[in-house]
Amino acid sequence: MNKTVNQKAWFLVLPVFLFVAFNAIIPLMTVVNYSVQETFGNNIFSWSGVQWFQDTLQSDRFHASLGRQLMFTAIILAIEIPLGLAIALAMPRKGPWVSVCLVLMALPLLIPWNVVGSMWNVFALPEIGLMGRGLNALGFDFNYTRQPGDAWFTIVLMDVWHWTSLVVLLCYAGLVAIPNDYYQAAKIDGASAWAVFRFIQLPKLKRVLTIAILLRFMDSFMIYTEVQVLTGGGPGSSTTFLSIDLFKVALGQFDLGPAGAMSIIYFLIILAMSWVFYTLMMRNEAK
Amino acid sequence: MEGTDLISWMAWTWPTACFFGFILLCLIGMSVWEYAAPGGGARHGILGLDTTRGDRLFISLLGSAFIFLAWIGLVNTTLWAPLVIALVYAGVVFRWV
């Protein structure tokens with residue numbers, strides 16, 4: 001039977017293409033244009049070549065904020081992925097508690113990012129916040145507005161609270177999708193709970209875990225609003241991640257050229273790391 | 001470069017316009033190649049990855065961007081040498097990856 005080739009369906013993609021062009025490709029092109037020029041406003045630009053790229057790549061400030069960003073992402077992934085998986089495994093699969101658990105898990109995801117920052121700002125304040133005051137009452141010298149370690153602790157805790165649910169929901173969806181036959185076969189073989197997890201659940205969850213890791217990697221690597229509201233990048237510059245530094249350069253100092261160069265480097269790092277993650281995981285799956 | 005008010009905010013320059021023109025040409029070229037030889041030229045390359053022509057173009061462009069960045073950050077801002085390295089790299093990717 002001859003297959004009909006009809007390429008007209010591509011026209012149906014045109015609206016999406018135009019939408020993406022306006023909200024992603026054109027802004028990206030503009031950033032590339034800015035990155036090779038100097039401007040003092042009023043749409044007057046002068047050519048500066050790749051000078052901003054060199055300045056950015058050799059800047060200690062950029063290296064420091066990139067290092068902080070990488071460390072934050074590594075900590076977040078190391079906590080949220082195993083924790084999310086553990087919670088998903090512990091959640092009930094049937095009965096009335098399923099809905100309760102799912103709603104509870106979905107709640108943090110529904111709160112706007114700036115509200116999350118504000119909530120944790122108040123929650124962690126050493127004088128009046130429940131967490132801040134509670135920790136101080138327990139004998140800890142906690143003050144996230146003055147001590148970098150405390151600021152990091154609060155930001156990590158806030159992110160774990162806000163985003164672990166996403167990992168939980170993805171893993172839960174993956175677990176529910178595993179056919180019961182696998183568990184019955186494991187039961188007949190007398191497999192332990194660990195063996196069921198290692199040889200049935202984990203392999204079946206590989207795809208959702210890939211998505212969870214990718215989403216959490218990209219989101220945490222671009223985190224901005226919550227940290228900006230909570231600490232503003234401080235104390236000092238201890239929580240100034242790449243996104244916050246970029247904001248300071250672009251809108252604080254209005255250095256569009258260096259900000260453009262920084263944005264492109266930032267974008268390329270995210271693109272490359274996402275590609276590496278995705279390729280490695282898909283490669284393992286193919287094996 | 002002067003433009004109309006509609007696009008002057010995009011601050012176009014000839015080098016960046018040429019760069020995006022090159023990307024567009026690559027995409028058109030890949031489409032023509034796909035039309036002439038459908039299937040994407042899938043193969044199992046030396047990195048152990050299953051890649052199509054599109055994947056190889058992506059790997060070439062992304063790798064080239066990092067070659068340029070490394071050169072600018074570590075050596076200097078003269079871009080002829082990294083251009084040659086990037087072209088050789090792209091050739092290797094299209095031949096063996």
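Numbered from 1 within each chain, the chains take letters A, B, ... in sequence-line order. Predicted, not measured: the structure shown is a model, and the values here were computed from it.
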Correct closest heavy-atom pair for B/T13 and A/N33 would be N-OD1, 4.5 Å
The interface call for A/Q58 against chain B, heavy-atom contacts under 4.5 Å, is side chain
Might you confirm whether atom CZ of B/R43 has over 12 heavy atoms from other residues, nucleotides or ligands at distances under 6.0 Å?
yes
Partner chain A: residue of B/L74, B/D55, B/L62 with the largest heavy-atom pair count (under 4.5 Å)
B/L62
So CH2 of B/W71 and CD of A/Q54: to nearest 0.5 Å the spacing works out to 12.5 Å
Within 6.0 Å of NZ in A/K204, more than 12 heavy atoms from elsewhere:
no
For atom CZ of A/F197, is the number of surrounding heavy atoms from other residues, nucleotides or ligands below 6.0 Å larger than 12?
yes
Taking the side chain as every heavy atom from C-beta outward, state whether A/F53 and B/F68 have any atom pair closer than 4.5 Å.
no
Given heavy-atom pairs under 4.5 angstrom as the criterion, report whether the side chain, backbone, both or neither of B/I72 touches chain A.
both
Select one option (side chain, backbone, both, neither) describing which atoms of B/L69 are under 4.5 Å from chain A's heavy atoms.
both
Only pairs of heavy atoms separated by less than 4.5 Å count here; which of A/I26, A/T56, A/V36, A/T39 has the most with chain B?
A/I26
Any chance CH2 of A/W152 has more than 12 other-residue heavy atoms, nucleotides or ligands included, within less than 6.0 Å?
yes
Taking everything shown except A/Y278 itself, do over 12 heavy atoms lie less than 6.0 Å from its OH?
no
Side chains of B/F20 and A/L28: does their closest heavy-atom pair fall under 4.5 Å?
no
Residue B/I59 versus chain A: region with a heavy atom under 4.5 Å:
side chain
